[in-house]
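Working notes, beginning with the structure itself.
We count ligands from 1, going down the list as the structure has it; atoms in each ligand are counted the same way. Computed from a prediction, not measured in an experiment: that's the story for all the values here.
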Amino acid sequence: MAKHAVEANFDGLVGPTHNYAGLSWGNVASKTNVRSASNPKEAALQGLAKMKRLADRGYVQGILPPHERPHIPTLRALGFEGTEARVLEQAAKASPSILAAVSSASSMWTANAATVSPSADTTDHRVHFTPANLSAKFHRSIEHKVTGRSLKAIFADESYFAHHPALPSVSHFGDEGAANHTRLCAGYGEPGVELFVYGQVAFNEQASAPEKYPARQTLEASQAIARLHGLKGQHAVFAQQNPEAIDAGVFHNDVIAVGNGNTLFYHETAFLNEDQVLANIRERLTGAELEAIRVSRAEVPVEDAVASYLFNSQLLNTPDGMLLAVPGECREVASVSRYLDDLVKSGGPVTSVEVFDVKQSMRNGGGPACLRLRVVLDDDELKATHRGVIVTDELYERLTTWVEAHYRDELSQDDLADPMLLEEVRKALDELTGILGLGSIYDFQR
Ligand SMILES: N=C(N)NCCC[C@H](NC(=O)CCC(=O)O)C(=O)O
């Protein structure tokens with residue numbers, strides 16, 4: 001008998017150093033907006049408003065805390081010495097790029113935080129977590145330690161939750177977490193099919209791969225995660241992302257496809273062997289027929305999908321169908337806006353579309369779906385989850401006040417070396433772990 005389960009979404013709370021440093025080659029928005037001034041306060045409030053709207057709708061909405069940035073221990077490991085002010089000053093002088101990398105608020109995109117397999121799929125019937133090594137980008141490769149600490153603090157009970165360390169941090173095992181992982185199922189508590197999408201095969205130089213931009217996820221990483229999580233063959237499908245899509249700026253599969261329940265919403269350029277991928281899912285999916293919503297190039301050109309982030313939407317169950325929670329940019333791109341109107345009228349699974357304003361995040365290539373990590377939990381697992389991070393009216397009010405008190409409303413690259421910024425961040429984060437009841441997860445607290 002399947003248990004009752006929900007899909008909880010854990011959004012990354014945007015950190016106080018949110019800025020545009022152009023760190024992600026292959027992510028078009030990150031490069032386009034490089035060095036424009038950011039507004040961390042607005043970014044965090046936009047994120048909180050999204051969480052609150054979804055919590056108000058009855059979805060279980062959680063929070064993952066931002067990381068400590070600039071990250072002084074990383075700068076020290078790279079040879080910058082002396083007082084913290086001196087470390088920052090030297091790094092700014094020797095390599096503004098390194099300083100920008102260790103200052104990025106990129107942990108906000110929690111779709112990349114980890115891969116999560118629900119207990120209905122795993123051999124030991126526990127929920128399994130593996131933080132992503134994010135080895136493709138230096139600024140993100142320093143996230144997994146603290147991500148692991150947060151996840152362990154939130155999902156602490158080992159009788160329900162299993163935590164694995166990140167995979168080896170080398171390109172062969174490049175892992176970007178749930179951004180390349182989606183789960184199809186008849187119901188959240190039913191056994192599902194986990195679709196792992198990879199950009200390249202690391203140990204086969206002959207295999208097709210993108211030419212212009214890097215493929216961040218490897219088949220070998222996806223397979224290792226499936227093994228670690230105890231997913232048998234009937235619960236896992238591995239699919240190669242179309243190299244053409246990566247070269248068009250689709251740096252993760254969640255920029256070109258999203259799944260929920262029995263529905264896979266995707267662009268025709270998403271997968272290398274589309275028919276085979278669908279057949280593999282159909283063969284394994286039990287209790288429901290796969291609903292494949294395929295968007296053609298003629299309806300939405302790939303460039304429009306990338307510019308609007310149509311597929312980086314959240315696809316959520318509603319009492320009468322599914323809601324597609326799209327970024328505001330989808331209404332600014334004519335082909336996409338038209339497509340969305342037709343989609344709702346089509347009589348298919350998507351019965352409503354709602355716009356969310358996450359512009360500050362979008363300018364770094366992060367839409368609504370990048371900002372959340374999905375964790376399917378049955379009733380007992382939900383009860384065992386740390387309540388301090390679950391969004392309620394009260395937590396929303398407290399966090400809004402906290403952001404208003406601690407965040408700047410403008411940040412440029414030059415500000416990153418300001419020792420005052422480091423002090424502000426530490427004070428804010430120390431207060432935050434108190435609000436969320438998470439204990440000492442940051443290096444500066446240990
Ligand atoms: N699609 C998903 N799931 N996530 C989006 C991640 C965006 C992030 N951007 C950045 O890291 C840009 C930071 C900068 O350039 O300042 C990245 O490229 O890893």
Side-chain angles (χ1 to χ4, degrees), residues 9-12 14-40 43 47 64 66-67 69-70 96-116 131-144 147 174-182 197 199 213-217 241 245-246 248-259 270 305-314 327 329 358-374 411-413 415-416:
N9 281 269
F10 286 79
D11 279 43
V14 178
T17 59
H18 160 66
N19 74 98
Y20 302 118
L23 299 171
S24 282
W25 169 241
N27 165 348
V28 180
S30 150
K31 284 290 165 194
T32 313
N33 296 303
V34 59
R35 273 190 287 280
S36 49
S38 63
N39 184 335
L64 290 182
H67 292 191
R69 299 287 182 271
S97 308
I98 293 179
L99 179 60
V102 304
S103 303
S104 177
S106 53
S107 66
M108 66 202 266
W109 299 295
T110 52
N112 302 113
T115 307
V116 185
N133 61 28
L134 298 171
S135 67
K137 305 282 170 206
F138 170 57
H139 70 290
R140 304 216 61 182
S141 68
I142 59 174
E143 292 175 24
H144 64 85
T147 298
D175 174 26
E176 298 279 324
N180 297 302
H181 175 259
T182 198
V197 184
Y213 291 139
R216 298 199 200 178
Q217 179 88 30
Q241 200 183 343
I246 297 180
V250 181
F251 58 100
H252 289 135
N253 180 247
D254 71 2
V255 177
I256 201 83
V258 57
V306 173
S308 66
Y309 261 43
L310 166 63
F311 296 94
N312 201 255
S313 301
Q314 287 180 248
E329 286 71 3
V358 288
K359 210 172 196 55
Q360 285 285 327
S361 166
M362 280 288 286
R363 287 164 61 79
N364 253 339
C370 296
L371 287 162
R372 62 94 173 92
L373 179 69
R374 298 191 276 191
L411 200 68
S412 71
Q413 298 303 292
D415 298 325
L416 300 176

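Looking at T110 and F10, their side chains never come closer than 4.5 Å, going by heavy atoms from C-beta outward. Residues K359 and E329 form a side-chain contact, since some pair of their non-hydrogen atoms from C-beta on lies under 4.5 Å apart. For the pair V197 and H181, the minimum side-chain heavy-atom distance is 4.5 Å or more.
Here A21 has heavy atoms under 4.0 Å from ligand 1 in both its backbone and its side chain. Under 4.0 angstrom from ligand 1, the non-hydrogen atoms of N364 come from both its backbone and its side chain. By the criterion of a heavy-atom distance under 4.0 Å, the side chain of R140, and not its backbone, is placed next to ligand 1. Within the 4.0 Å heavy-atom criterion, neither part of E176 lies near ligand 1. Here D254 has side-chain heavy atoms under 4.0 Å from ligand 1, and that is the only part of it that gets that close.
Those atoms of ligand 1 that come under 4.0 Å of a heavy atom in C370, given as number and element, are 1 (N), 2 (C), 3 (N), 4 (N), 5 (C). Below 4.0 Å from some heavy atom of G22 lie the following atoms of ligand 1, by number and element: 14 (C), 15 (O), 16 (O). The distance from ligand 1 to the heavy atoms of G365 drops below 4.0 Å at these ligand atoms: 5 (C), 7 (C). Every atom of ligand 1 with a heavy atom of N112 under 4.0 Å away is listed here by number and element: 2 (C), 3 (N), 4 (N), 5 (C), 6 (C). Listed by number with element, the atoms of ligand 1 under 4.0 Å from a non-hydrogen atom of R216 are 17 (C), 18 (O), 19 (O). Below 4.0 Å from some heavy atom of A111 lie the following atoms of ligand 1, by number and element: 3 (N). Against a heavy-atom cut-off of under 4.0 Å, A179 is close to the following atoms of ligand 1: 3 (N).
Judged purely by atom type and a 3.5 angstrom limit, S361 uses its side chain to pair as donor or acceptor with the backbone of G366. In this structure, K137 contributes its side chain and W25 its backbone to a donor-acceptor pair below 3.5 Å. Judged purely by atom type and a 3.5 angstrom limit, N33 has no side-chain atom pairing as donor or acceptor with the backbone of S36. At least one donor-acceptor pair under 3.5 Å links the side chain of N112 to the backbone N or O of E176.
Aromatic ring orientation, F251 versus Y309: tilted (interplanar angle from 30° to 60°).
Judged by the 6.0 Å distance and 45° axis criteria, R363 is positioned over the aromatic ring of Y20.
Every N/O-N/O distance between S104 and ligand 1 stays at or above 3.5 Å. For ligand 1, the polar-atom distance check against L23 finds a nitrogen or oxygen pair separated by under 3.5 Å. Residue S24 has at least one N or O atom closer than 3.5 Å to an N or O atom of ligand 1.
If you check which protein heavy atom lies closest to atom 11 (O) of ligand 1, you get H139 NE2, 2.7 Å.
At least one heavy atom of N19 lies less than 4.0 angstrom from ligand 1.
Screening S107, P131, S135 for a side chain to side chain contact (heavy atoms under 4.5 Å, CB included) with H144, the sole residue that qualifies is P131.
There is a side-chain donor-acceptor pair under 3.5 Å between Q413 and N19.
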